[in-house]
2 protein chains.
Amino acid sequence: MTVSRALNNRENVDDKTRKKVLDTAKRLGYKPNQIAKSLVLNKTYTIGVVVPEISHSFFPEVIRGIEEVTYQRQYHLILTHSAEKQKREKDAINTLESHRVDGILISTAESVKNFKLYKELINSNYPVVFFDRYVEGIGASTVGINDKESSRQITKHLIDHGYKKLAHLSGPSKVSIGLKRLEGFKEALKEANLEINEELIIESGFQESGGYKAMNKLLKLPKNKRPRAVVAVNDPAAFGAMRAIRDAGLNIPDDIAIVGFTDDIRAELLPCPLTTIRQPAYEVGKKAAKKLIDCIDGDDTVENIVVDTELIIRKSCGCK
Amino acid sequence: MTVSRALNNRENVDDKTRKKVLDTAKRLGYKPNQIAKSLVLNKTYTIGVVVPEISHSFFPEVIRGIEEVTYQRQYHLILTHSAEKQKREKDAINTLESHRVDGILISTAESVKNFKLYKELINSNYPVVFFDRYVEGIGASTVGINDKESSRQITKHLIDHGYKKLAHLSGPSKVSIGLKRLEGFKEALKEANLEINEELIIESGFQESGGYKAMNKLLKLPKNKRPRAVVAVNDPAAFGAMRAIRDAGLNIPDDIAIVGFTDDIRAELLPCPLTTIRQPAYEVGKKAAKKLIDCIDGDDTVENIVVDTELIIRKSCGCK
DNA sequence: TTGTACGCGTTATCAA
DNA sequence: TTGATAACGCGTACAA
């Protein structure tokens with residue numbers, strides 16, 4: 001016990017004893033066993049992170065933000081990856097619980113169809129914060145952007161520059177950010193008194209391959225029905241769509257204009273740089289981690305934290 | 001004890017008892033406590049990863065590879081980030097030890113000046129595998145590429161196309177891959193009987209900013225001493241250098257040719273696509289994780305695993 | 001200031 | 001097949 005006190009810099013230890021303990025600890029290469037500590041304190045100083053993908057742009061930046069905060073606040077990070085699969089996400093959450101992480105940060109996988117697991121987690125008082133792809137109204141805080149408003153804004157940008165026939169490549173039907181972006185798209189059309197043509201709203205999902213396929217469907221429409229401009233749910237989907245447009249021998253933006261969402265690192269480097277919405281990934285990571293650790297420390301207010309986005313105008317929209 | 005046996009699917013439990021246990025466990029929402037398990041078994045099924053950066057390209061892919069293997073083999077991942085700082089790397093390793101991870105994967109930070117900490121780790125029989133930025137000859141396995149040979153190859157490519165005055169933007173002087181790439185560069189010059197001009201070898205480090213600064217130094221040389229082609233230690237350094245060249249009003253590759261190393265996702269998208277060496281990041285991650293888990297499982301052979309690279313010829317070298 | 005007893009949740013071991 | 005006991009390494013509570 002005296003050893004424990006000495007190692008933890010408590011007051012009530014004789015200086016000589018303390019020195020002896022510390023010297024011996026050093027000599028023997030003693031390393032405190034965090035596992036035993038966790039067991040007795042019922043606290044691991046570890047948080048779990050579940051990301052749906054580890055691609056090249058958005059999520060690594062978010063993770064960097066999370067890591068920054070956890071490092072500062074002396075927490076650690078168990079990283080899991082759902083690969084957009086519901087089963088893997090479930091496995092991840094279960095093992096994070098088993099490892100008794102103090103809280104969990106989640107960005108939902110594309111294929112998640114119901115929120116029972118999340119609800120159970122939250123109802124059992126497990127601290128959970130969603131980031132980017134969130135589920136609202138089930139009692140957990142969220143950190144994200146204003147998807148609807150940002151989507152409305154970028155759609156309006158196209159409309160303001162005279163485009164009238166707009167298509168939308170939408171996200172998976174169950175994922176919040178996809179739905180909100182779709183809403184924003186529709187709202188912008190309504191505000192401009194443009195007809196909403198369901199034929200021009202195609203589910204692409206979040207991946208490049210889906211964007212490619214979805215765009216090809218649009219390109220198969222008779223010429224007079226084809227869209228003049230496309231709002232993609234995110235940048236990867238836009239990249240796929242751009243490839244489809246180019247493969248069809250058409251020009252961006254002269255034949256078809258297109259905009260994305262994310263500001264992927266590749267967006268500005270493309271042959272025709274992509275107009276998009278910049279999401280501050282690093283900020284999202286930091287705020288999510290902060291909120292989670294606050295929750296762990298007893299903050300039980302549920303917040304929906306919104307970080308600001310920025311419309312980045314490049315060439316693909318043909319407005320510049 | 002019977003409960004433990006039932007939950008762990010052991011043989012010697014009566015079927016009725018087992019059913020009762022499982023039902024009750026479910027009803028109570030029982031989740032095994034991995035922490036307690038770890039304490040008694042002295043095994044956490046967790047590995048620690050130390051990366052020097054979480055940028056947009058190489059390391060996220062490596063991590064994806066690591067995650068794939070750990071998921072399959074039922075391990076978990078504690079991710080730490082040294083941000084290229086020696087102190088943070090040290091903190092990371094210490095806390096990973098305290099968390100009793102079963103093994104550690106390390107890619108060394110740029111600023112690490114001595115290997116004492118690594119040696120202690122390895123000498124205390126802690127399973128350690130280095131990946132990408134490795135330290136050889138201290139008893140740990142490594143997974144990387146043949147840096148020297150790849151560097152020699154890409155340098156030779158430039159020489160074969162007639163360039164005679166070559167510069168090198170080198171990595172930090174203490175990091176293995178930087179040194180090896182420098183060696184490869186020199187070797188290619190020697191083989192071609194070209195003079196090695198130390199004035200044209202400048203330390204840029206691994207970051208874009210360093211590449212920019214280093215290139216500016218080269219550009220300040222009198223015109224007749226300036227290099228005609230530049231071999232950068234990696235792609236980010238090359239990106240910085242390209243910016244410096246463009247800022248000086250010069251053309252790539254007509255005034256100065258340049259090549260990189262990594263095949264960062266941005267390399268092919270640049271206005272002048274970058275000739276580079278492709279490193280199979282995902283493979284590196286998988287092989288490193290596999291080797292580490294093998295070590296944990298008792299494999300005590302020290303291997304230096306080399307994964308193949310590929311020379312990717314684009315426009316920046318002016319050879320195509 | 002120092003030390004003793006106990007408990008965290010689990011498994012191994014050995015006895016019933 | 002089931003159960004009792006001890007142990008993993010640590011911190012809390014209390015006693016000396």
Side-chain angles (χ1 to χ4, degrees), chain A residues 1-46 48 74-76 78 93-103 121 124-127 296-298, chain B residues 1-48 74-76 78 93-103 124-127 296-298:
Chain A
M1 197 51 229
T2 300
V3 170
S4 171
R5 279 187 281 255
L7 291 170
N8 289 291
N9 292 316
R10 304 287 183 88
E11 295 288 294
N12 46 352
V13 180
D14 189 89
D15 279 354
K16 273 188 212 157
T17 319
R18 161 167 291 130
K19 189 173 179 324
K20 205 151 87 183
V21 169
L22 295 179
D23 287 353
T24 313
K26 189 153 199 181
R27 187 163 51 77
L28 300 178
Y30 170 82
K31 295 273 161 69
N33 185 329
Q34 184 62 41
I35 296 291
K37 214 172 201 166
S38 297
L39 185 62
V40 61
L41 296 183
N42 202 23
K43 169 129 177 108
T44 57
Y45 289 96
T46 296
Q74 310 252 55
Y75 274 74
H76 304 95
I78 298 194
I93 292 174
N94 280 330
T95 59
L96 289 175
E97 279 184 275
S98 272
H99 276 267
R100 296 295 191 267
V101 295
D102 294 334
L121 255 184
S124 66
N125 260 318
Y126 221 101
I296 292 168
D297 289 348
Chain B
M1 197 51 228
T2 300
V3 170
S4 171
R5 278 187 282 253
L7 291 169
N8 288 290
N9 292 317
R10 303 289 182 87
E11 294 288 295
N12 45 352
V13 180
D14 189 89
D15 279 353
K16 274 187 213 156
T17 319
R18 161 168 291 129
K19 189 174 180 325
K20 205 151 86 183
V21 169
L22 294 181
D23 287 353
T24 313
K26 190 155 200 179
R27 186 163 51 76
L28 300 178
Y30 169 82
K31 296 272 162 69
N33 186 327
Q34 185 62 40
I35 297 291
K37 213 173 202 166
S38 298
L39 184 62
V40 61
L41 296 182
N42 201 24
K43 170 128 177 106
T44 57
Y45 288 96
T46 297
I47 69 174
Q74 311 252 55
Y75 274 74
H76 304 95
I78 297 193
I93 292 174
N94 280 329
T95 59
L96 289 175
E97 280 184 275
S98 272
H99 277 266
R100 295 295 190 267
V101 295
D102 294 334
S124 66
N125 258 320
Y126 220 101
I296 292 168
D297 289 347

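Sequence lines set the chain letters: A, B, ... in the order given, protein chains first and strands last, and positions in each chain run from 1. Nothing here was measured: the structure is a model prediction, and the numbers come from that model.
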Q: Taking A/Y126 for its side chain and A/V101 for its backbone only, find out whether a donor-acceptor pair lies under 3.5 Å.
A: yes
Q: Regarding A/N12, tell me which of base, sugar-phosphate or nothing describes its non-hydrogen contacts under 4.0 Å with the strands shown.
A: base
Q: Does the A/R100 side chain pair with the main chain of A/L39, one donor and one acceptor, at a distance under 3.5 Å?
A: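 Flag not set: sc A/R100 to bb A/L39 has no pair under 3.5 Å.
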Q: Would you kindly give the CG-to-P distance between A/L39 and D/dG9, to the nearest whole Å?
A: 12 Å
Q: Look up atom CG in A/N33 and atom NE2 in B/H99, then write down how far apart they are to the nearest 0.5 Å.
A: 10.0 Å
Q: Round to a whole Å and report the spacing from CG of A/N33 to P of D/dC8.
A: 12 Å
Q: Can you tell me how far C1' of D/dA7 sits from NZ of B/K37, to the nearest Å?
A: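 So the NZ-C1' distance, B/K37 to D/dA7, works out to 17 Å.
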Q: To the nearest Å, give me how far apart CG (A/D14) and C1' (C/dG3) are.
A: 15 Å
Q: Okay, side chain of A/R5, backbone of A/R18: is any donor-acceptor separation there less than 3.5 Å?
A: no
Q: In whole Å, what is the span from the CG atom of B/L41 to the C1' atom of C/dG9?
A: 11 Å
Q: What's B/R100 touching, base or sugar-phosphate or nothing? Going by heavy atoms closer than 4.0 Å.
A: nothing
Q: Using a cut-off of 4.0 Å on non-hydrogen atoms, how would the nucleic acid contact of A/V40 be classed: base, sugar-phosphate, or nothing?
A: base
Q: So what does A/R10 hit on the nucleic acid, given a heavy-atom distance under 4.0 Å: a base, only sugar-phosphate, or nothing?
A: sugar-phosphate
Q: Atom CG of A/L7 and atom P of D/dG9: how far apart are they, to the nearest Å?
A: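 It works out to 15 Å between those atoms.
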Q: Could you tell me the separation between the CE atom of A/M1 and the P atom of C/dA5, rounded to a whole number of Å?
A: 15 Å
Q: What integer distance in Å separates B/R18:CZ from D/dT2:C1'?
A: 13 Å
Q: Pick the nucleotide of DNA chain D nearest each of B/A36 and B/T2; which residue has the one closer to the 5' end?
A: B/T2
Q: Is A/R5 side chain donor-acceptor paired with the D/dG11 base, going by distance under 3.5 Å alone?
A: no
Q: Is A/S4 close enough to D/dG11 that one of its side-chain N or O atoms is under 4.0 Å from OP1 or OP2 there?
A: yes
Q: What is the nucleic acid contact for A/T17, judged by heavy atoms within less than 4.0 Å: base, sugar-phosphate only, or nothing?
A: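 The answer is sugar-phosphate, as A/T17 gets under 4.0 Å only of primed atoms, P, OP1 or OP2.
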Q: Would the distance check show the side chain of B/T44 and the main-chain N or O of B/S38 forming a donor-acceptor pair, the cut-off being under 3.5 Å?
A: no
